[in-house]
Amino acid sequence: MTTVSASEARRLALAAQGFGSSPRGRVTTDRLTDTIARLGVLQLDSVNVFVRSHYLPMYSRLGQYDTALLDHVLLDPHVPATHVEYWAHEAAFIPVESWPLWQWKMGESRERNAHPDSWLAQHRKLADDLLARLHSDGPATFSQLDGKRDERRGSWWDWSDVKVALEYLFEGGVITAIGRTNFQRIYAPVADVIPAHLLATAVDKPVARRALVLDAVRALGIGVLADIADYYRFKVAPTKIALDELVESGEIQRMGVDGWTHRGENVDAYMMSGTTIPNRAPRLSTILTPFDPITWNRARASRMFGFDYKIEIYTPAARRVYGYYSLPILMDAALVGRIDLKADRKARTLIVKSAHWEPQRPQDAAERLSDIVRRAALWRGLEKIVVDDWGDAAADLRQIL
């Protein structure tokens, strides 16, 4: 079995994810679409302290771009859908062409919720009424369908019955989203959004899952079984079956990676057959979203980059080590630190709430980080930069900026 070094694995992963391979120049909708296709999935997150998560993977790979272009690609309800939302990994955008590969999962959801004891079966009339309203009145958000409620039953996560019903219909592929407004999905029946030929394309579950597992290997560049299963949130056992079939067919190959072990034993890794590993790391200086495929799997980030990462949104402020929503800092083929950014849009100021280095970083890391911060402010249209005094990297930034 072929073995590669840990540094080769990092270079392969970054190249597969599109780092360092995009030509310079104006970022067009075609380049955005190509980048999403390379990723296979673009995860969503509601936190907007700096910028919403789905905007960042494009910025990390392509540099400064007009986010209105991505809104047009993903969220414009007035143009035919090229991307739709579904529970691929987590809530995420997927290319509309991949819809047939997910219909088995949607069908399983509908089967579960057809059981007489299920929540949806017990609220069938509500769900049918909501679907009928979307058919008759056109696309609508949850708030428009729910109406004004005089009181809430609890905290913000305590959904109404209308919201729960919509989520089940969405999971089952009965309705989808044609866009978002104020980060709320604009729901519509799938027949009004997904092209008829895609809805009519039936792909058997093993075939579809094998195609998605192959896509996960392609997107990761190289990964162990757990990495590949996690990419589209599959269970490990069926992912292993698909990987064995893909190895047998010659589409992927088993590899070893120096230092990738579990309980002292080497673990198998997988990569696309015929892949060429880059000879050198790309010259990179950028930030990542916590939900970038490079870092969303914390075990993989630790194994591949030696980067132990946790988002501290739900950690009490007094116990936070790195900050509320710290973003990983990528330089070349290493994750060298994390930075907690806040956009004060009213004051047109980018605030560096904290910045911390990892033990290993380039000698010019401070200068490169200052350039990252300046470019981030320019991208978001912020005129001033303020650096709070929290973290060793913040101290370096304060000296420079």
To the nearest 0.5 Å, tell me how far [X] [atom1] sits from [Y] [atom2].
X    : Y    : atom1 : atom2 : answer
L56  : F50  : CG    : CZ    : 6.0 Å
R398 : S370 : CZ    : OG    : 15.0 Å
M58  : L74  : CE    : CG    : 8.0 Å
T35  : D30  : OG1   : CG    : 10.5 Å
L397 : D389 : CG    : CG    : 11.5 Å
L369 : R374 : CG    : CZ    : 10.0 Å

Check your understanding: Less than 4.0 Å between a side-chain N and a carboxylate O, is that true for R185 and E167?
Key -> yes
Check your understanding: Is R110 salt-bridged to E171, going by a charged N under 4.0 Å from an acidic O?
Key -> no
Practice item. Check the surroundings of atom NZ in K310: do more than 12 heavy atoms from other residues, nucleotides or ligands lie under 6.0 Å from it? Key: no
Exercise for review: Please check if atom CG in D117 has more than 12 non-hydrogen atoms from other residues, nucleotides or ligands closer than 6.0 Å.
Suggested key: yes
Point to revise | Chi angles and distances behind the salt bridge (charged side-chain N to carboxylate O under 4.0 Å, His left out) call for D244, K240 | key: CA-CA 6 Å; D244 288 343; K240 181 64 166 62; 2.9 Å; yes
Point to revise | From I222, V224, L220, residue fulfilling side chain to side chain contact (heavy atoms under 4.5 Å, CB included) relative to M304 | key: I222
Could you list the donor-acceptor pairs under 3.5 angstrom formed by side chains in residues 288-299, with sequence neighbours left out?
unit_1	atom_1	unit_2	atom_2	d
T289	OG1	S53	OG	2.6
T289	OG1	F291	N	3.1
D292	OD1	R61	NH2	2.9
D292	OD1	I294	N	2.9
D292	OD2	R61	NH1	2.7
D292	OD2	R61	NH2	3.3
T295	OG1	T289	O	3.3
N297	OD1	A299	N	3.2
N297	OD1	R300	N	3.1
N297	ND2	D230	OD2	3.4
R298	NH1	P290	O	3.0
R298	NH1	T295	O	2.5

When you compare the side chain of [Y] with that of [X], does any pair of heavy atoms fall below 4.5 Å?
X    : Y    : result
T3   : V257 : no
R233 : E90  : yes
Y324 : K342 : no
V336 : Q360 : no
V4   : L12  : no
R31  : L62  : yes
T176 : F170 : yes
K346 : D344 : yes

Check your understanding: Which is it for S118 and Q122 under the side-chain contact (heavy atoms from CB on, under 4.5 Å) test, yes or no, and what are the steps along the way?
Key -> CA-CA 6 Å; S118 71; Q122 295 174 11; over 6 Å; no
For [X] and [Y], does a side-chain donor sit closer than 3.5 Å to a side-chain acceptor?
X    : Y    : result
N48  : Y55  : no
D146 : S160 : yes
S143 : T141 : no
E312 : S326 : no

**Study point:** Derivation of the side-chain contact (heavy atoms from CB on, under 4.5 Å) call for T286 and I372
**Key:** CA-CA 6 Å; T286 192; I372 288 172; 5.5 Å; no
Short question: side chain of [X], backbone of [Y] - any donor-acceptor pair under 3.5 Å?
X    : Y    : value
T201 : L199 : no
R133 : D128 : no
E383 : T349 : no
D388 : W390 : no
W379 : Y65  : yes
D66  : A68  : yes

Practice item. Using the salt bridge (charged side-chain N to carboxylate O under 4.0 Å, His left out) rule, take R180 and E85 through it: C-alpha gap first, then chi angles, then the decisive distance, then the call. Key: CA-CA 10 Å; R180 282 185 177 240; E85 280 192 52; 2.7 Å; yes
Practice item. I would like to know whether V51 and L341 meet side-chain contact (heavy atoms from CB on, under 4.5 Å); could you show each step before the answer? Key: CA-CA 9 Å; V51 66; L341 298 177; over 6 Å; no
Exercise for review: Check the pair Q64, R375 against side-chain contact (heavy atoms from CB on, under 4.5 Å), reporting the backbone distance first and the verdict last.
Suggested key: CA-CA 8 Å; Q64 296 180 39; R375 285 188 280 114; 4.0 Å; yes
Check your understanding: Quick one: salt bridge (Lys or Arg N to Asp or Glu O under 4.0 Å) partners of E248, sequence neighbours excluded?
Key -> none
Review point. Taking only residues two or more places apart in sequence, or in another chain, which ones meet D258 in a salt bridge (Lys or Arg N to Asp or Glu O under 4.0 Å)?
Key: none
Practice item. Just say parallel, tilted or perpendicular for the rings of F234 and Y232, cut-offs at 30° and 60°. Key: tilted
Exercise for review: Applying salt bridge (charged side-chain N to carboxylate O under 4.0 Å, His left out), run through R38 and D34 and close with a yes or a no.
Suggested key: CA-CA 6 Å; R38 182 189 284 267; D34 289 346; over 6 Å; no
Exercise for review: Might you work through the salt bridge (charged side-chain N to carboxylate O under 4.0 Å, His left out) test for R218 and D215, ending with a clear yes or no?
Suggested key: CA-CA 5 Å; R218 177 201 57 76; D215 194 60; 2.8 Å; yes
Practice item. Identify, with sequence neighbours excluded, every residue that meets ring pair (Phe, Tyr, Trp, His ring centres under 6.0 Å) alongside Y187. Key: none
Review point. Looking at Y270, does the NZ or CZ of R254 lie under 6.0 angstrom from its six-membered ring centre and within 45 degrees of the ring axis?
Key: no
Enumerate donor-acceptor pairs with a distance under 3.5 Å from any side-chain N or O in residues 350-359 to protein atoms, sequence neighbours excluded.
unit_1	atom_1	unit_2	atom_2	d
S354	OG	Y322	O	2.4
W357	NE1	D396	OD2	2.8
E358	OE2	R338	NH2	2.6

Practice item. Provide the full list of side-chain hydrogen bond (donor to acceptor under 3.5 Å, both in side chains) pairs with a residue in residues 271-283, sequence neighbours left out, each pair given once. Key: R283-D364
